[in-house]
Amino acid sequence: MQVPAPFDYRRAHSLDEAVALLERHGPDARLLAGGHSLLPMMKLRLARPETLVDINDLTELDYVRLDGDEIAIGALTRHATVLASALLAEHYPIFAEAEAVIADPLVRNRGTVGGSLCQADPAEDLSGVFAALRGRAVVHSSAENRSVALREFHRGPYETAVGDGEILVELRVPVRPGAGSAYEKVERRAGDWAVAAAGAFVQLRDGVVADVGIGLSAVGADHFTCPEAEDALRGQEPTAARIAEAAAICRDRCEPTADQRGPVDFKRHLAEVLVTRALTRASRRAGGAEA
Amino acid sequence: MQVRITVNGAETGAEVEPRLLLVHYLRNVVGLTGTHWGCDTSNCGACTVWLDGVPVKSCTTLAAQADGHAVRTVEDLDAGGELDPLQRGFMEEHGLQCGFCTPGMLMTLRALLDSDPDPDETTIREAISGNLCRCTGYENIVRAARWAAAHAAAGGAEQPTPPTGGAEQEVTA
């Protein structure tokens, strides 16, 4: 039987109370949202917090909404909500395409956007999505609300910019009129972590790439992205040759590690192929050729 | 800690360790062993129950998290004294062999049919992608779900409202 080691359980009824509980119980306290990463790690003793602060009552952090010229996603929003969001489907199909291949429907009913990002698994899908879209994270503490670029959010495997006494409360993505986006993932079986995954958005102006974002998961890309490949494509027509150039840069710049999901050369190959597919589909969508 | 959980419309409560998982609360504290304890790693879905109307894996949910909430288990499917059309579908289409995955399959598919009364095969297969059948009886499970969809009016619509408050909530997620 797999059961976590003993811990103290506290339920927060407000954001202020959650922060106060984190402050009171110190660095050995952990937030419990969906729990679908944390509880399995606790069962395996890979994580052993002394106190869990359950924030599932903070339904005010469960939303997807347009806020000015940005889309705001509450940190407690469940994966299933993101997958079904009409607002996100309208602006960024990359979200539904990524969510559809995150775990399974039952896990998506429980797991949260904020939890996934704070888990900071190197193969986590939404980290690649938000890196591609150059999103921002809003991190709350008793002192302030601070904004962190998603491309600076991850400090390494399982490490983020969220410090002691802080809570990730919101993710924000700029609305980009006419932008196309797409997500591509190879997994060993349905619901598994990515062997490799790539996401992209493309914004065209007069047939030329006005802006582009590339996200990479599970292949050791620095901050889940590859700015050199974006720079190579920006200002160019999104032809097959140009996209291939950008994808080759991603292949060469990423730093995958060999594990049970495959050897390094295979993952580099996947990175190139998946970036090509994601950029191609995102460009078509930006051009209006594909719904 | 003290938890109070509405299970299939009935109030239950116990003094439990915070680390007690919901699946063990249901089986060992409440005594409802219809919910199966399977892989323990949130992969197999044998432990699927509804939490406030949403199907979840109870091996990856703390009993503490369900405190003050409503849980529905497979034992509630025939609460009206009549088998749920889904249960009849599993009988008619031979939807189970060893039966270990069946409670989870039933709870996942009941939620699907409540939100989508006539799902196609792809939708059904996607819905149960978090429920593993090691007998690999998926063909018949899909047929059983289709049977239930086709016969919903015969049994489902006439069934009395389940007593569980949360169980009637639409799956909005």
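Per chain, numbering begins at 1; letters A, B, ... match sequence-line order.
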Undergrad: Let me know if A:Leu44 has heavy atoms under 4.5 Å from chain B in its side chain, its backbone, both or neither.
TA: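 Neither part, no heavy atoms under 4.5 Å.
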Undergrad: Identify which part of B:Ser42 has an atom lying under 4.5 Å from any heavy atom of chain A, answering side chain, backbone, both or neither.
TA: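 Both parts, backbone and side chain.
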Undergrad: Which heavy atom of A:Lys43 sits nearest a heavy atom of B:Leu21, and at what distance?
TA: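 Distance-wise, the nearest heavy atoms are CE-CD1, 3.6 Å.
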Undergrad: May I ask you to test the A:Pro40-B:Thr60 pair for a side-chain heavy-atom distance under 4.5 Å?
TA: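 Of all side-chain heavy-atom pairs linking B:Thr60 with A:Pro40, at least one is under 4.5 Å.
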Undergrad: Go through A:Ala190, A:Pro105, A:Ala103 and name the one with the most non-hydrogen pairs under 4.5 angstrom from chain B.
TA: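 If we count pairs closer than 4.5 Å to chain B, A:Pro105 comes out on top.
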Undergrad: Could you look at B:Leu20 and say if it's the side chain, the backbone, both or neither that has a heavy atom under 4.5 Å from chain A?
TA: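 Looking at B:Leu20, nothing touches chain A.
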Undergrad: For B:Ala127, is it the side chain, the backbone, both or neither that has a heavy atom under 4.5 Å from a heavy atom of chain A?
TA: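 Just its backbone gets close to chain A.
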Undergrad: Please determine whether side chain to side chain contact (heavy atoms under 4.5 Å, CB included) holds for the pair B:Val54 and A:Arg110, giving the CA-CA distance in whole Å, both sets of side-chain angles, and the decisive distance to 0.1 Å.
TA: CA-CA 9 Å; B:Val54 178; A:Arg110 213 50 201 151; over 6 Å; no
Undergrad: Pick one of side chain, backbone, both or neither for A:Leu83, based on which atoms fall under 4.5 Å of a heavy atom in chain B.
TA: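 Neither; nothing under 4.5 Å.
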Undergrad: Mind running side chain to side chain contact (heavy atoms under 4.5 Å, CB included) on B:Gln65 and A:Leu39 for me, showing each step along the way?
TA: CA-CA 12 Å; B:Gln65 289 178 282; A:Leu39 293 178; 3.9 Å; yes
Undergrad: Please look at A:Asp57 and chain B and tell me whether the side chain, the backbone, both or neither of the residue comes under 4.5 angstrom of a heavy atom of that chain.
TA: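 The side chain, not the backbone.
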Undergrad: Do you know which two heavy atoms are closest between B:Pro18 and A:Tyr9, and how far apart they sit?
TA: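 Of all heavy-atom pairs spanning B:Pro18 and A:Tyr9, the closest is CB-CB, 3.6 Å.
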Undergrad: Less than 4.5 Å apart, side chain to side chain, heavy atoms only: is that true for A:Leu106 and B:Val56?
TA: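 No, too far: nothing below the 4.5 Å cut-off.
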Undergrad: Surrounding CZ of A:Arg188 (heavy atoms of other residues, nucleotides or ligands, distance under 6.0 Å), is the total greater than 12?
TA: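 Result for CZ/A:Arg188: enclosed.
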Undergrad: Taking A:Asp104 for its side chain and B:Ser129 for its backbone only, find out whether a donor-acceptor pair lies under 3.5 Å.
TA: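 Answer holds: no.
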Undergrad: What is the distance from atom CG of B:Asp52 to atom CG of A:Asn109, rounded to the nearest 0.5 Å?
TA: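 Here the rounded value is 12.0 Å.
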Undergrad: Using non-hydrogen atoms and a 4.5 Å limit, figure out which bit of A:Met42 sits close to chain B: side chain, backbone, both or neither.
TA: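 The answer is neither part of A:Met42.
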Undergrad: Determine whether B:Asp67 and A:Arg11 make a side-chain contact, defined as any pair of heavy atoms from C-beta on separated by less than 4.5 Å.
TA: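 Side chain of B:Asp67 against side chain of A:Arg11, heavy atoms only: contact under 4.5 Å found.
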Undergrad: Ignoring hydrogens and angles, tell me if any N or O in the side chain of B:Asp40 forms a donor-acceptor pair with the backbone of A:Gln2 under 3.5 Å.
TA: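 Yes; at least one donor-acceptor contact below 3.5 Å.
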Undergrad: Do A:Arg10 and B:Met1 make a side-chain contact, defined as non-hydrogen atoms from C-beta onward lying under 4.5 Å apart?
TA: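 No, every pair of side-chain atoms sits at 4.5 Å or beyond.
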Undergrad: Less than 4.0 Å between a side-chain N and a carboxylate O, is that true for B:Arg19 and A:Glu50?
TA: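 Judged by the 4.0 Å cut-off on N to carboxylate O distance, A:Glu50 and B:Arg19 do not form a salt bridge.
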Undergrad: Report the option among A:Gly191, A:Pro6, A:Gly35 that has the most heavy-atom pairs separated by less than 4.5 Å from atoms of chain B.
TA: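 Ranked by heavy-atom pairs under 4.5 Å with chain B, first place is A:Pro6.
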